[in-house]
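Reading through the structure tokens given below for one structure.
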Amino acid sequence: MMQRNGGGVGAGGQPWVLRRVRLTWLSFMLFFILVFFPLIAHYYLTTIDEAGGPDKRIFGPRPGGELCEAKHVQDLCRIRESVSEELLQLEAKRQELNGEIVRLNLRIEACKRSIDSAKQDLLQLKNVISQTEHSYKELMAQNQPKLSLPVRLIPDKDDPGLPPPKSAHICRLRSCFDYARCPLTSGFPVYVYDTASYPWGESLDPLVRQAFATSVKSSIYVTDNPSIACLYVVLVGELQESPSSPLPAPSALEKQLKALPYWRSDGHNHLLVHLSRKSMTQNFLYNVSTGRAAVAQSIFLEQQYREGFDLVVSPLVHALSEPNFLEVPPQVPVKRKYLFTFQGERVESLRSSLQEGPPQSFEEEMEGDPPADYDDRIIGTLKAVQDSRLDQVLVEFTCKSPQPSLPTEWALCGEREERLEVLKASTFALVISPGDGQLMASAGNGMRLFEALEVGAIPVVVGDHARLPYHQLVHWSEAAIMVPKPRITELHFLLRSLSDNDLLAMRRQGRFLWETYFSTSENVLGTILASVRTRIQVPPAPIHEEPAQEIPHKAGKMAGTDANLADNGDLDLGPVETEPPYASPRFLRNFTYTASDTYQTWNRAPGPFHLFPHTPLDPVLPSEAKFLGSGTGFRPIGSGTGGSGKEFQAALGGNVPREQFTVVMLTYEREEVLMNSLERLNGLPYLNKVVVVWNSPKPPSDDLLWPDIGLPIVVVRTEKNSLNNRFLPWDVVETEAILSIDDDAHLRHDEIMFGFRVWREARDRIVGFPGRFHAWDVNHQSWLYNSNYSCELSMVLTGAAFFHKYYAYLYSYVMPQAIRDIVDEYINCEDIAMNFLVSHITRKPPIKVTSRWTFRCPGCPQALSHDDSHFHERHKCINFFVKVYGYMPLLYTQFRVDSVLFKTRLPHDKTKCFKFI
């Protein structure tokens, strides 16, 4: 076993030695190849390059950039050279910019030094201007001292009163009224006795008492302080007799009047008001001594009435109800079914003149004394006209159910609704005075007059001894026909001779009188107070302005000027106002106007600036006094400083050379559009301020930056979203001229200036840019609103128009509420309503300037006018407004205003001037 193992070892050791020798040889060969072979190859290649000469070299370096001759690296070489060249250019540019920076830094330093110097100069100029203004004010104060209102004198509690007159029946204001209690600056305070404070208060008609109390609360003159009162008002009727509360006897009533706490023995400065609701109203004050107290009632006997002291008032028909304008018949057509109508039954007196003898003929009465009663002749004449059938008339002298009336008076027939139906079909309504000449005013005649005016029947008052309500203040001949009884035979001829234009004018004036003075209890009380106030020449209180609740806002950077707006051609707009905003002169009270224009105040039909003019409920407006006292009235603006071109443009010119206007802009959640519109107003000459009416319940965004246009921008918060807010008389509007403009309307500055100049020559009209017109739809028998291009127009949209602030008062406080309600209902038609209002007042159409017919606002959000229902609503608005006014007040015009030198070739130094063509 051992031998086998040893032999095995010896046999196996020989291959191991061979493997080792083989591994060593392989290692030596690998070393030789790795070391000597590269050396030999390098030597060989080097020898070949040297043997071949410099032109035959393959691997060695080549002189003169011969490497670039290789095709595969030529592009890389070109890139390297281009980059190197650009780097050199950039380096040169950098050095040039560094030099420019150094030069600009030097200029900045120089500008800073110049600014500092300019600031010093500006500060010095401001000091000089301030000193100059101070000196100017001192000179003005020396030469024109300011007159302050006199200190009001309060009467003593123990008022001695006035010297007693010879007789209470000859009382006049000069002898029975204490003017000392009513200074011109008093504001006309009125104290009204509480009806529960005197004994006969329980006998008053409940409706009259309630209506009177409601009217007292709404009056701006009523005061609770009797010590400062100018007038004391006592409601004495209408009384209702009942078993529990009989009517007081004249002697008892006289004692009760004297027991009033402020009667002061003779009742001076007291007014006893008796309001009648029925045609049969007893004159229970006839035998009562009223002392120096004035009486206001519907019934008067001649010996009882004190001319210029007592008041004939209208009956109180609508005690607690408002008249429905939609039920009032239209004023056109002028001619109605009946030429005239009369329904009444004569009430005989105990001592009728017919019992004393036969009536005289007209020839006999011319030779002798006229008869006391013409009623029989009136009946015969009117029946003869009816029987002739020349015209359709309706006369009835017997009634199925006559209303109770006074003796010798014509009793009313039937119920009120029946009488109104007949009057609606009547062109004229006869009002025959009582047969007794001593009865100069009665509730029955007052009721006939009221009903005729209510439905548009022109009253024909037969009898010249009658006293109509407020006859000393109202010019009744403009609304009614007054015919003496002896001319009854000529009445038919007279009524047929009147033209349609005269009839329509009288009907419009009658509608005005009814709406203003008779229609409601507030109007009746207001008219009574206004009558006394006008007689004693105390100015009315100014109407209040709408307080503006301003929304705080942040101003951003100075607004730039739009290049499109700055391009005004060769038109020089004149100097931009650099002084603080200049408000129009305000005359809150012009005392001369009260004395000189009293009669015009009460009697003018709706003419220039007289819609329900100076009504008792609507006192004289602040701006109205400006027209009559400040010299800024309706006189045409002349050439002023004269000249044309640059001489004309250098100043506003005209009779009022210094005037500005206010922009009123209505907006609703269109902030970007609004900001763009405000920016376009930058640099606009004669702009006083901008009033933004924020019509949205949501306030503006907190991060909204408003443009700085160099003038105040007042943002006004409104109570609700209403288009009527556009025409509210905001107290922040201090100019007479208002430019009403939409937030998306694009107007150039020269267009605005042109419109402003034209408005100054027609201050009572709407002057604007987009024109519209109304048309009659024959198929549907209704009015239509039309915006098509036309040769005539009747409206100018207030989305870009000038108007006087006076109309803002009338629109908001005087115009019927029904119109403002329909504007809120449709969220539309406010511009149509303003055109109706101004045309109704002035009886003139608006004025269109420039050839613009519409406005485009690229990129603006959708407007209300783009809605499909927009035009349908405007059709409805026009027809509704016609019902309220009773006729179509809009007037057509083919007139458009351009410059006198429009498209006229002028020298380069003569620019266009603005005047009428």
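Under the 30°/60° scheme for interplanar angles, the aromatic rings of Phe450 and Trp514 are found to stand perpendicular.
Legend: residues meeting ring-ring contact (aromatic ring centres under 6.0 Å, His included) with Trp783, ordered by chain and number and at least two apart, are His774, Trp776. By the side chain to side chain donor-acceptor pair (under 3.5 Å) test, Asn879 is found to be paired with no residue, residues two or more places apart in sequence or in another chain being considered. Qualifying side chain to side chain donor-acceptor pair (under 3.5 Å) partners for Arg277, counting only residues two or more places apart in sequence or in other chains: Asp205. Not counting sequence neighbours, Arg336 has no partner by the salt bridge (charged side-chain N to carboxylate O under 4.0 Å, His left out) test. In terms of the ring-ring contact (aromatic ring centres under 6.0 Å, His included) criterion, residue partners of Phe881 (sequence neighbours excluded) are, by chain and number, Phe836. Taking Ser696 as the reference, Glu669 meet the side chain to side chain donor-acceptor pair (under 3.5 Å) condition, with sequence neighbours excluded. Residues passing the ring-ring contact (aromatic ring centres under 6.0 Å, His included) test with Tyr811 are Phe727, sequence neighbours excluded. Qualifying salt bridge (charged side-chain N to carboxylate O under 4.0 Å, His left out) partners for Asp824, counting only residues two or more places apart in sequence or in other chains: Lys720. With sequence neighbours excluded, no residue forms a salt bridge (charged side-chain N to carboxylate O under 4.0 Å, His left out) with Lys883. Residues passing the salt bridge (charged side-chain N to carboxylate O under 4.0 Å, His left out) test with Glu327: none are found, sequence neighbours excluded. For Tyr887, the ring-ring contact (aromatic ring centres under 6.0 Å, His included) criterion is met by His840, not counting sequence neighbours.
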N/O donor to acceptor pairs below 3.5 angstrom from side-chain atoms of residues 390-401, sequence neighbours left out:
{"from": "Asp391", "atom 1": "OD2", "to": "His492", "atom 2": "NE2", "distance (Å)": "2.8"}
{"from": "Asp391", "atom 1": "OD2", "to": "Arg496", "atom 2": "NE", "distance (Å)": "3.1"}
{"from": "Glu396", "atom 1": "OE1", "to": "Gln343", "atom 2": "NE2", "distance (Å)": "3.0"}

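Side-chain N or O atoms of Lys805 include one that pairs as donor or acceptor with a backbone N or O of Trp730 at under 3.5 Å.
Between the side chains of Tyr813 and Glu546, at least one donor N or O lies within less than 3.5 Å of an accepting N or O. Checking Ser215 against Ser521 by side-chain atom types alone, a donor-acceptor pair falls below 3.5 Å. Under 3.5 Å, the side chains of Thr842 and Arg765 contain no donor-acceptor pair of N or O atoms.
Each of Asn445, Val462, Ile432 was compared with Trp410 under the side-chain contact (heavy atoms from CB on, under 4.5 Å) criterion, and only Ile432 meets it.
We find that Asp764 and Arg843 are not joined by a salt bridge, their nearest charged nitrogen and carboxylate oxygen being 4.0 Å or further apart. Salt bridge annotation for Lys424-Glu421: present, with a cationic side-chain nitrogen under 4.0 angstrom from a carboxylate oxygen.
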